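Notes for the one structure printed next.
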Amino acid sequence: MKTLETSNGASGSNEGKNRCDEEMVKCRRYEMILRIMGLIFTLVAAIVAGSNKDTESVAISLVDGLPPLHLTLTAKWSYMSSTVYFVAVNAIACAYAAISMAFIALIGGGRERNWKGSILVVALDLTMLALLFSANGASASIGLIALNGNSHTQWHKVCYAFKRYCIQGGAALVISMFGSFFFFCIVLLFTYNLHRTTLNY
């Protein structure tokens with residue numbers, strides 16, 4: 001009787017572990033999809049922002065009563081340090097997404113081996129997420145000044161003259177925010193998977 005109970009307990013434990021392994025495989029598949037999406041969106045954001053350049057003829061009035069001067073001015077992404085930071089962070093996040101997918105494929109295997117490697121990966125995921133949030137915030141703050149100006153500091157809005165530049169910069173920001181969302185989902189998925197694994201032990 002004890003032998004039967006022991007065998008039933010062992011089979012139940014094996015079934016639980018097999019179920020947990022299946023869940024880990026499923027989560028790993030979802031994780032790879034999220035990393036691919038993060039790679040695509042950060043790559044597109046870096047390209048869109050890094051190719052942003054607009055040349056317009058701007059009318060500047062020096063003295064009231066005199067006709068304005070028409071100057072040809074150029075707005076380029078490399079002229080703003082926040083945009084340079086934005087492009088660099090998205091490029092780094094894109095490269096990291098590709099490297100992390102290769103790393104995850106290499107460490108795939110047993111349960112313990114997976115989690116030991118995942119600790120390093122999730123720490124880098126959190127770092128990329130923080131960098132993306134900071135880059136998006138810096139780009140958004142400068143974008144609002146370019147759109148509305150700031151009367152307290154006498155910073156004039158420029159989007160009335162460089163409309164295409166501002167639209168392209170705004171599009172890059174939105175795309176990068178989607179990329180940040182996918183990295184955020186990766187961290188949540190890791191936490192969920194870790195929780196399920198802990199319950200099965």
Side-chain angles (χ1 to χ4, degrees), residues 14-52 77 80-144 167-201:
N14 289 333
E15 288 178 3
K17 288 184 177 181
N18 290 335
R19 194 179 305 112
C20 182
D21 288 338
E22 291 177 1
E23 288 291 333
M24 288 181 65
V25 171
K26 188 182 297 184
C27 286
R28 185 69 73 197
R29 189 179 303 118
Y30 292 149
E31 180 184 354
M32 294 299 284
I33 293 173
L34 290 172
R35 290 188 186 280
I36 291 172
M37 297 302 293
L39 185 152
I40 293 173
F41 275 84
T42 52
L43 175 62
V44 174
I47 293 174
V48 172
S51 62
N52 197 5
W77 69 275
M80 296 293 298
S81 58
S82 61
T83 310
V84 174
Y85 177 62
F86 177 87
V87 173
V89 167
N90 277 275
I92 292 172
C94 173
Y96 164 74
I99 295 172
S100 64
M101 285 190 292
F103 180 72
I104 289 170
L106 289 175
I107 68 171
R111 184 197 310 267
E112 293 182 1
R113 187 180 177 189
N114 273 334
W115 285 115
K116 286 180 180 179
S118 294
I119 292 174
L120 172 63
V121 174
V122 77
L124 294 173
D125 288 339
L126 287 169
T127 303
M128 289 299 110
L129 184 62
L131 287 174
L132 284 170
F133 279 164
S134 66
N136 292 340
S139 182
S141 64
I142 295 299
L144 287 175
I167 292 173
Q168 188 169 335
L173 176 60
V174 172
I175 295 170
S176 179
M177 290 177 69
F178 275 107
S180 304
F181 171 75
F182 288 118
F183 275 95
F184 179 69
C185 289
I186 291 170
V187 175
L188 288 182
L189 183 62
F190 174 84
T191 306
Y192 170 76
N193 203 0
L194 180 61
H195 176 67
R196 288 187 61 87
T197 304
T198 304
L199 290 178
N200 282 277
Y201 274 104

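Bear in mind that the values here come from a model prediction, so they are computed numbers and not experimental data. The figures that follow rest on heavy atoms only: side chains count, while hydrogens, waters and symmetry mates do not.
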Heavy-atom pair of closest approach, residues Ala91 and Ala46: N-CB, 4.0 Å
May I have the list of side-chain donor-acceptor pairs in residues 100-107 shorter than 3.5 Å, sequence neighbours left out?
unit_1	atom_1	unit_2	atom_2	d
Ser100	OG	Arg35	NH1	3.1
Ser100	OG	Tyr96	O	3.1
Ser100	OG	Ala97	O	2.9

Rounded distance (nearest 0.5 Å) linking atom CD1 of Ile186 with atom CE of Met128: 11.5 Å
Residue list, ring pair (Phe, Tyr, Trp, His ring centres under 6.0 Å) with Phe41, at least two apart or on another chain: Phe178, Phe182
Point-to-point distance, once rounded to the nearest 0.5 Å, from CZ of Phe184 to CG of Leu189: 12.0 Å
Phe133, CZ: over 12 other non-hydrogen atoms inside 6.0 angstrom: yes
Closest non-hydrogen atom pair, Asn52 against Gly169: ND2-N, 3.4 Å
Criterion side chain to side chain contact (heavy atoms under 4.5 Å, CB included) on Leu126 and Val187, from CA distance to verdict: CA-CA 7 Å; Leu126 287 169; Val187 175; 3.7 Å; yes
Shortest non-hydrogen separation from Val87 to Gly50 and the atoms involved: CG2-N, 3.8 Å
Nearest-0.5 Å distance that lies between atom OG in Ser134 and atom CG in Leu129: 10.0 Å
Which atom of Ser82 lies closest to which atom of Ala138, heavy atoms considered: CB-O, 4.1 Å
Nearest-0.5 Å distance that lies between atom OH in Tyr85 and atom CG in Asn90: 10.0 Å
Ser180 versus Asn136, side-chain donor and acceptor atoms under 3.5 Å: yes
Phe86 versus Ser176, closest heavy-atom pair with distance: CZ-CB, 3.4 Å
Distance, nearest 0.5 Å, that separates CD1 of Ile92 from SG of Cys94: 11.0 Å
Heavy-atom pair of closest approach, residues Ile175 and Val48: CD1-CG2, 4.4 Å
Spacing of CG belonging to Leu39 relative to CG belonging to Leu34, to within rounding of 0.5 Å: 12.5 Å
Worked verdict on Phe190 versus Val121 for side chain to side chain contact (heavy atoms under 4.5 Å, CB included): CA-CA 10 Å; Phe190 174 84; Val121 174; over 6 Å; no
Met177 atom CE: more than 12 heavy-atom contacts under 6.0 Å: no
